[in-house]
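What follows is one structure encoded as structure tokens, with my remarks underneath.
Below, chains carry the letters A, B, ... as their sequence lines are ordered, and counting in each starts from 1. Any value given below was found using the heavy atoms of this structure, including those in side chains, with hydrogens, waters and symmetry copies removed.
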Amino acid sequence: MVDDEMLERQRAISRGPAGKAIPRCNVDRRNFLRYAAGSLAGAALAGEWTRRCLASGDPAVAAGEESPLLRLPEKTELLLRTLRPPNLETPLRYFRQDLTPNEAFYVRWHLAVLPTRVDVAEFRLTLGGHVERPLSLSLDELRRDFEPVTLVAVNQCSGNSRSLYRPRMPGVQWGNGALGNARWTGVRLKDLLARAKMKARAVDVSFNGLDGPVLPAAKNFAGTPDFVKSLKVDHANDGEVMVAYEMNGGPLPMVNGFPLRLVVPGWYATYWVKALNEIVVLDKPFDGFWMAKAYRVPNTPDFQEAPAQLAKETVPINRMSVRSLFVRPEPGESVAAGAPYEVQGLAIDGGRGIKSVEVSSDGGKSWDAAKLDPEIGRYSWRRWRLAWTPRRGKYRLMAKATNAAGQTQTIAQWNRSGYARNVIESVDVTVE
Amino acid sequence: MKRSIIIAACGTLLAGMSLGLPPAPAAPPASRPADVTVKGTVRSIRLPEDEPPLPPGPGRETAQLFCGTCHTTRYITIQPPFSRATWQAEITKMRTAFAAPIPSEKDGEILGYLVAVRGAEPKSGG
């Protein structure tokens with residue numbers, strides 16, 4: 001599926017022409033809209049402002065870093081981090097609804113040769129290795145021969161919010177938008193494993209997609225490790241892990257993993273392998289680079305370690321930590337004094353379910369319980385709201401979520417890769 | 001024969017979501033681009049290309065060549081300032097973990113460039 005022409009084109013990009021970045025926004029929205037309202041071209045100008053200022057809710061922009069917007073095929077304009085491979089972030093305001101539209105869902109690839117062309121008649125998902133009956137399934141067979149299941153689940157990059165860590169660390173400098181909530185439809189991995197008849201003493205199950213490195217392994221050349229992930233066999237076989245062929249009722253966008261994506265509810269998105277085409281059951285632990293060396297976290301509470309004293313023991317990142325986000329107001333937003341304002345946000349955990357969200361407007365001295373929206377499902381995010389009528393002044397709002405297991409958010413956190421952030425959230429607001 | 005699939009776009013739904021409160025920032029017009037090509041059973045897209053040149057500095061061409069082989073050099077320019085030690089660790093990681101064919105005698109030149117454009121004193125770098 002990954003043809004030579006595509007590979008050559010990817011390589012050519014490294015020598016390609018200079019592109020144009022949209023300058024980041026440094027215009028106050030209220031002043032701009034006041035100006036635009038008096039203009040015949042007001043609507044068009046407001047559109048222009050929106051185009052330029054989507055980045056205003058972006059912490060990296062608050063830190064003075066560039067955040068151009070870019071539209072990929074099948075997508076709307078997203079915050080560009082990198083384009084080869086594509087890594088683009090969802091603007092915060094898309095999180096003011098239960099499900100994240102496919103076109104606004106963030107994009108994250110590790111390796112620059114990614115599928116841009118799929119023949120849906122030729123495509124096969126293979127399931128082999130330590131099984132009695134290896135499978136090679138067409139997309140039609142997947143839909144026809146297995147019971148469909150549907151689940152709403154949050155997908156969050158392990159490194160979401162990395163740019164908020166201090167001291168900072170190298171990597172894609174995500175703000176809060178490497179995140180999305182979608183309704184996934186597909187087949188249970190358990191049903192596929194049953195059809196293939198796993199042999200006794202299976203240990204791990206590995207997952208590979210159509211993407212690959214620019215410099216793959218060759219004779220006398222180790223190559224860049226292909227992106228392959230694994231789950232323990234009991235997890236893979238728990239009836240919840242899914243091979244999804246639909247996202248929010250439609251096909252997955254190509255850059256979100258068309259035609260199939262692994263869905264691992266409650267776990268960080270590194271396991272949600274995109275363009276999934278190869279599943280292998282193993283009778284020994286999987287030792288590929290992306291499990292054994294990358295995407296590892298300190299084996300400590302809240303995955304904590306200190307820059308001067310790195311944890312000796314690390315484990316593969318796994319279930320998502322409890323966290324909350326503000327989606328309204330956005331960073332730097334001005335709020336009118338003396339008027340009722342609805343603060344909004346969302347909360348996430350690894351599947352136990354959010355029990356409460358508390359919000360403070362006085363630096364953590366007192367906390368008010370936010371009103372939780374109805375629960376959509378164990379693995380969905382939970383949105384929340386709080387009525388607020390502030391007086392003039394500068395505020396730092398804080399939010400803290402707690403789940404049904406009593407797990408909550410931490411005050412300070414750091415780890416070397418900037419993973420699994422679950423620090424109590426804060427946003428600065430000017431009320432005038 | 002080529003035909004285009006128009007992807008259902010939900011972005012416009014956002015525009016009316018203020019719930020009787022002060023208006024939220026408007027969503028941009030939903031894009032409905034004919035940007036997926038379906039030819040027979042083959043579905044394909046074409047990714048845009050946007051590769052800004054690295055900022056000027058000693059060693060820029062060397063950094064472009066060795067860093068830009070596998071990934072965009074935006075990976076450099078999106079980073080905050082880091083210490084010399086952090087940047088050296090990145091070069092080493094690219095060579096040892098990701099098999100980047102960077103001869104070790106090029107390290108100094110690449111490191112010099114990275115520190116020149118995104119360098120920091122050791123304490124603030126990490």
Side-chain angles (χ1 to χ4, degrees), chain A residues 13-14 16-19 21 29 46-47 50-51 54 63 65 70-74 76-77 81-86 93-94 96-97 101-104 112 116-122 167-170 172-173 213-215 221-225 250 253-254 258 289 293 307 328 336 339 341-342, chain B residues 5 7-11 13-14 17 19-22 24-31 33 35-38 40-53 64-65 68-75 77-82 86-87 89-90 93 97-101 123-126:
Chain A
I13 297 172
S14 69
R29 173 156 45 91
T50 304
R51 191 177 70 82
L54 283 177
E65 291 162 22
L70 189 107
R71 204 184 65 72
L72 296 178
E74 306 177 87
T76 190
E77 283 187 325
R81 300 296 172 211
T82 66
L83 190 47
R84 183 171 56 92
R93 69 192 197 305
Y94 287 104
R96 296 181 188 184
Q97 54 190 323
N102 289 2
E103 65 162 12
T116 55
R117 180 180 178 281
V118 173
D119 185 331
V120 295
E122 298 282 314
R168 296 181 65 169
M169 61 287 290
V172 178
Q173 298 297 322
V214 172
L215 301 175
F221 179 63
T224 305
M254 192 80 79
F258 183 84
F289 172 82
K293 303 282 186 202
R328 186 174 192 266
Y341 182 90
E342 189 178 73
Chain B
I5 287 186
I7 297 303
C10 310
L13 298 176
L14 278 166
M17 281 194 58
L19 304 163
L21 293 156
S31 54
D35 53 12
V36 184
T37 304
V38 176
T41 57
V42 176
R43 184 182 170 94
S44 62
I45 60 166
R46 190 172 169 78
L47 289 172
E49 300 172 10
D50 179 12
E51 197 87 10
Q64 178 67 54
L65 179 64
T69 299
C70 295
H71 59 75
T72 174
T73 53
R74 262 188 221 273
Y75 271 104
T77 54
I78 62 169
Q79 302 303 323
F82 288 122
T86 298
W87 278 123
E90 285 299 296
K93 180 173 81 178
F98 294 103
K123 276 196 180 307
S124 58

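- With sequence neighbours excluded, no residue satisfies side-chain hydrogen bond (donor to acceptor under 3.5 Å, both in side chains) with B:S44.
- A heavy-atom distance below 4.5 Å is not found between the side chains of B:F82 and A:P167.
- Judged by distance alone, the side chain of B:R43 and the main-chain N or O of A:M254 form no donor-acceptor pair under 3.5 Å.
- Between B:R46 and A:P73, the closest heavy-atom pair is O-CG, 3.1 Å.
- Residues forming a side-chain contact (heavy atoms from CB on, under 4.5 Å) with B:A99 (at least two apart in sequence, or on another chain): A:F221.
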**Message:** For B:T72 and A:L83: C-alpha separation, side-chain torsions, deciding distance, then whether side-chain contact (heavy atoms from CB on, under 4.5 Å) applies.
**Reply:** CA-CA 7 Å; B:T72 174; A:L83 190 47; 5.6 Å; no

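- Pairing each heavy atom of A:A112 with each of B:C70, the nearest pair is CB-O, 3.4 Å.
- Across all non-hydrogen atoms, the minimal contact from A:V172 to B:Y75 is CG2-CE2, 3.8 Å.
- For A:R84 against B:H71, the heavy-atom pair with the smallest separation is NH2-O, 3.1 Å.
- One distance of note links OG1 of A:T116 with CD1 of B:I45; it measures 6.0 Å at 0.5 Å rounding.
- Heavy-atom distances place both the backbone and the side chain of A:A121 under 4.5 Å from chain B.
- Distance alone, capped at 3.5 Å, is enough to place a donor-acceptor pair between the B:D35 side chain and the A:E74 backbone.
- Contacts between B:A89 and chain A at a heavy-atom distance below 4.5 Å are absent for every atom of the residue.
- Contact annotation: the side chain of B:V42 approaches that of A:R117 to within less than 4.5 Å [non-hydrogen atoms, C-beta and beyond].
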